[in-house]
Engineer: 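Here's a structure for you.
What you see is a predicted model; the values in this text were computed from it and never measured. Numbered from 1 within each chain, the chains take letters A, B, ... in sequence-line order.
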There are 2 protein chains.
Amino acid sequence: MRVAELSQRTGVPIPTIKYYLRAGLLPAGELTSPNQAHYGETHVHRLRLVRALVEVGGLSISATRAVLEKMRGADSQLHSIGKAQFALGPRTEPHEDAALADARTRVDELIERRGWLVRESNPARAGLAEALAHLTRLGHGDALPLLERYADAAQTLADPEVDLVLGRPNVDGMAETVVTLTVIGDALMSALRRMAQESEATRRLAD
Amino acid sequence: MRVAELSQRTGVPIPTIKYYLRAGLLPAGELTSPNQAHYGETHVHRLRLVRALVEVGGLSISATRAVLEKMRGADSQLHSIGKAQFALGPRTEPHEDAALADARTRVDELIERRGWLVRESNPARAGLAEALAHLTRLGHGDALPLLERYADAAQTLADPEVDLVLGRPNVDGMAETVVTLTVIGDALMSALRRMAQESEATRRLAD
DNA sequence: GTTTTCAGATAGCTGGACTATCCATAAGGA
DNA sequence: TCCTTATGGATAGTCCAGCTATCTGAAAAC
């Protein structure tokens with residue numbers, strides 16, 4: 001297909017497609033002549049993946065490129081596949097203070113207590129610590145017990161999630177599933193939490 | 001205290017504090033003379049709240065202002081308090097197609113099936129539908145059963161979350177807890193999911 | 001054979017989030 | 001007291017991300 005059709009099928013404007021090509025998010029089409037190229041289903045799919053990462057996950061263009069590159073480089077080792085989620089680190093340096101140092105210890109303790117196998121380099125450690133630090137700075141230390149409930153939930157969910165990943169017929173499929181499950185999964189969970197919260201609150205209000 | 005101390009205690013640069021004052025995210029200090037003002041603990045706290053929303057939640061300045069305004073306007077009615085989370089809608093118009101229409105029905109069905117009390121106007125409905133639409137466009141329809149597990153988790157978490165909110169001694173505290181629980185809670189859950197996923201995957205790999 | 005579309009290149013635009021200066025005044029220390 | 005530093009308020013400037021527009025020959029489509 002030509003670029004117009006690619007645009008129509010994905011809802012992405014042609015100038016934006018060109019921009020993504022330049023930015024290295026989308027491979028060039030197959031050139032049939034110096035100024036004609038055609039695109040296949042892989043382009044449609046890749047473009048949809050890019051949009052999911054950008055729109056749902058809120059990833060920047062460069063973060064998206066990094067994720068896609070790690071995806072491509074995954075070999076059959078599962079931990080290598082998981083690298084894709086490593087490109088989703090935080091953006092800026094956190095404010096170093098006592099609350100943050102304390103939060104880091106708390107994260108280490110939680111991981112140890114649960115016997116989780118999490119590499120030191122996993123950026124989720126830093127992300128969790130930073131979020132906790134904000135919580136305590138705001139004086140919401142009494143929300144910390146909730147953390148255990150969240151961890152329970154995460155632990156419970158991990159099982160079917162990994163099932164889904166390992167059920168893919170090939171490595172590329174696995175890597176892509178990791179990425180979508182990570183990014184879109186956050187959005188799903190976030191929306192469901194908001195709705196469940198409203199529902200529960202409304203129910204209590206009725207009493 | 002003067003602005004320098006406010007800056008030191010929160011880690012926010014003075015020019016940025018001035019910017020937040022102009023943007024209406026932070027109330028002006030109490031003027032003691034035409035060019036001297038002093039700030040109190042409320043300013044420290046408000047500034048920390050702003051940074052949590054911006055850094056952890058990734059909210060824009062205008063979204064942050066909107067959230068803070070809704071927070072201030074909350075009365076004793078719980079549903080009014082919940083309005084704070086309504087300022088967290090999506091940023092751009094979604095791509096309308098069959099997948100999205102389908103996803104919307106699926107969301108309605110899920111809410112009905114679970115007997116959730118969720119207003120039509122709750123933006124989480126649209127957010128969930130959009131995320132689901134991306135999932136199906138990517139051909140990950142087999143991930144949909146996972147949605148039920150996510151919903152289970154959200155439902156389970158809602159109970160202690162609402163407990164925490166209702167445990168606050170006053171309305172302002174409740175409203176702020178809703179906001180922090182919504183925004184920081186997302187970050188906590190996201191990080192915990194990533195870690196639990198890595199752990200579970202590593203464990204399976206060992207077999 | 002005329003109108004439309006294309007690839008590739010380059011330049012421009014818009015909005016958001018700060019950051020820098022300036023001014024006149026006020027604090028704070030030697 | 002005098003002098004350095006800090007301050008509030010105002011205004012202007014910066015930087016970057018993510019597009020968007022235009023141009024140029026050449027190929028498609030009708």
Side-chain angles (χ1 to χ4, degrees), chain A residues 1-40 43 47 50-68 87-93 95, chain B residues 1-40 43 47 49-68 87-95:
Chain A
M1 76 192 76
R2 303 170 66 182
V3 77
E5 191 180 342
L6 184 59
S7 168
Q8 278 186 330
R9 284 188 51 192
T10 58
V12 181
I14 294 177
T16 305
I17 292 177
K18 287 190 170 189
Y19 169 64
Y20 287 167
L21 285 166
R22 271 170 304 176
L25 300 185
L26 201 59
E30 192 188 342
L31 279 178
T32 59
S33 61
N35 68 339
Q36 292 291 309
H38 69 265
Y39 307 90
H43 290 93
L47 196 45
V50 167
R51 292 303 268 197
L53 296 180
V54 169
E55 289 181 0
V56 181
L59 269 68
S60 68
I61 298 302
S62 68
T64 303
R65 183 174 43 238
V67 169
L68 294 172
L88 304 167
R91 39 231 140 204
T92 49
E93 289 299 296
H95 174 218
Chain B
M1 77 194 74
R2 303 170 62 182
V3 76
E5 191 181 342
L6 184 59
S7 167
Q8 277 186 330
R9 285 188 50 192
T10 58
V12 181
I14 293 178
T16 305
I17 292 177
K18 287 189 169 189
Y19 169 64
Y20 287 169
L21 285 166
R22 271 170 302 172
L25 300 185
L26 201 59
E30 192 189 343
L31 279 177
T32 59
S33 61
N35 69 337
Q36 291 293 308
H38 69 266
Y39 307 89
H43 290 93
L47 196 44
L49 182 56
V50 167
R51 291 304 269 198
L53 296 181
V54 169
E55 289 181 0
V56 180
L59 268 67
S60 69
I61 297 303
S62 67
T64 304
R65 183 174 43 236
V67 169
L68 294 174
L88 305 167
R91 36 230 143 209
T92 50
E93 289 299 296
H95 174 217

Engineer: Within this structure, what is the CG-to-P distance between B/L26 and D/dG8, rounded to whole angstrom?
Structural biologist: 11 Å
Engineer: Could you tell me the separation between the CD1 atom of A/I17 and the P atom of D/dG18, rounded to a whole number of Å?
Structural biologist: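 Those two atoms, CD1 and P, are 17 Å apart.
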Engineer: Check whether any side-chain nitrogen or oxygen of A/Y39 sits under 4.0 Å from OP1 or OP2 of C/dC6, and answer yes or no.
Structural biologist: no
Engineer: In whole Å, I'd like the distance from the CZ atom of B/R65 to the P atom of C/dG16.
Structural biologist: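 Roughly 10 Å, once rounded to whole Å.
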Engineer: If I take atom OG1 from residue B/T64 and atom CG from residue B/L68, how far apart are they, to the nearest 0.5 angstrom?
Structural biologist: 6.5 Å
Engineer: With nearest nucleotides of DNA chain D determined for B/I14 and A/Y20 from heavy-atom distances, which residue corresponds to the more 5′ nucleotide?
Structural biologist: B/I14
Engineer: Looking at A/P27 and A/L21, what are the two nearest heavy atoms and their distance?
Structural biologist: O-CD2, 3.4 Å
Engineer: Closest nucleotide of DNA chain D for A/P15 versus for B/E5: which of these residues is on the 5' side?
Structural biologist: B/E5
Engineer: Using the side-chain hydrogen bond (donor to acceptor under 3.5 Å, both in side chains) rule, collect all pairs that involve residues 16-38 of chain B, keeping only residues at least two apart or in two chains.
Structural biologist: B/Y20-B/R51
Engineer: Do side-chain atoms of B/R65 reach the backbone of B/A23 as a donor and acceptor pair under 3.5 angstrom?
Structural biologist: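 Pair found, side chain donor or acceptor close to backbone of B/A23.
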Engineer: Can you say whether a donor on the side chain of A/R22 sits under 3.5 Å from an acceptor on the base of D/dT20, or the other way round?
Structural biologist: yes
Engineer: When we call it a touch if two heavy atoms are under 4.0 Å apart, what does A/A4 touch: a base, just sugar-phosphate, or nothing?
Structural biologist: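 If one applies the 4.0 Å heavy-atom cut-off, A/A4 turns out to touch the sugar-phosphate alone, with no base involved.
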Engineer: In whole Å, I'd like the distance from the NZ atom of A/K18 to the P atom of C/dA11.
Structural biologist: 16 Å
Engineer: Separation of B/L47 atom CG from C/dC18 atom P, in whole Å?
Structural biologist: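 Between P of C/dC18 and CG of B/L47: 11 Å.
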Engineer: Distance check, rounded to the nearest 0.5 Å: B/L6 atom CG versus B/L26 atom CG?
Structural biologist: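 Here the interatomic distance stands at 6.5 Å.
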Engineer: Starting from C1' on D/dC19, measure out to CG on A/L21 and report it in whole angstrom.
Structural biologist: 14 Å
Engineer: Rounded at 0.5 Å granularity, tell me how far NE2 in B/H95 sits from CD in A/E55.
Structural biologist: 9.5 Å
Engineer: Can you tell which of C/dC18, C/dA7, D/dT20 lies closest to the side chain of B/I61?
Structural biologist: C/dC18
Engineer: Counting only side-chain heavy atoms from C-beta out, which of C/dC18, D/dT20, C/dA7 sits nearest to B/R51?
Structural biologist: C/dC18
Engineer: When you measure from every atom of DNA chain C, which of residues 31-38 of chain A have a heavy atom less than 4.0 Å away?
Structural biologist: A/L31, A/N35, A/Q36, A/A37
Engineer: Can you tell me how far apart NE2 (B/H43) and CD1 (B/I17) are? Round to the nearest 0.5 Å.
Structural biologist: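 Rounded to the nearest 0.5 Å, the NE2-CD1 separation comes out at 10.5 Å.
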Engineer: For A/L6 and C/dT5, what is the distance between atoms CG and P respectively, to the nearest whole Å?
Structural biologist: 16 Å
Engineer: If I take atom CD in residue B/Q8 and atom P in nucleotide D/dA6, what distance separates them, rounded to the nearest angstrom?
Structural biologist: 11 Å
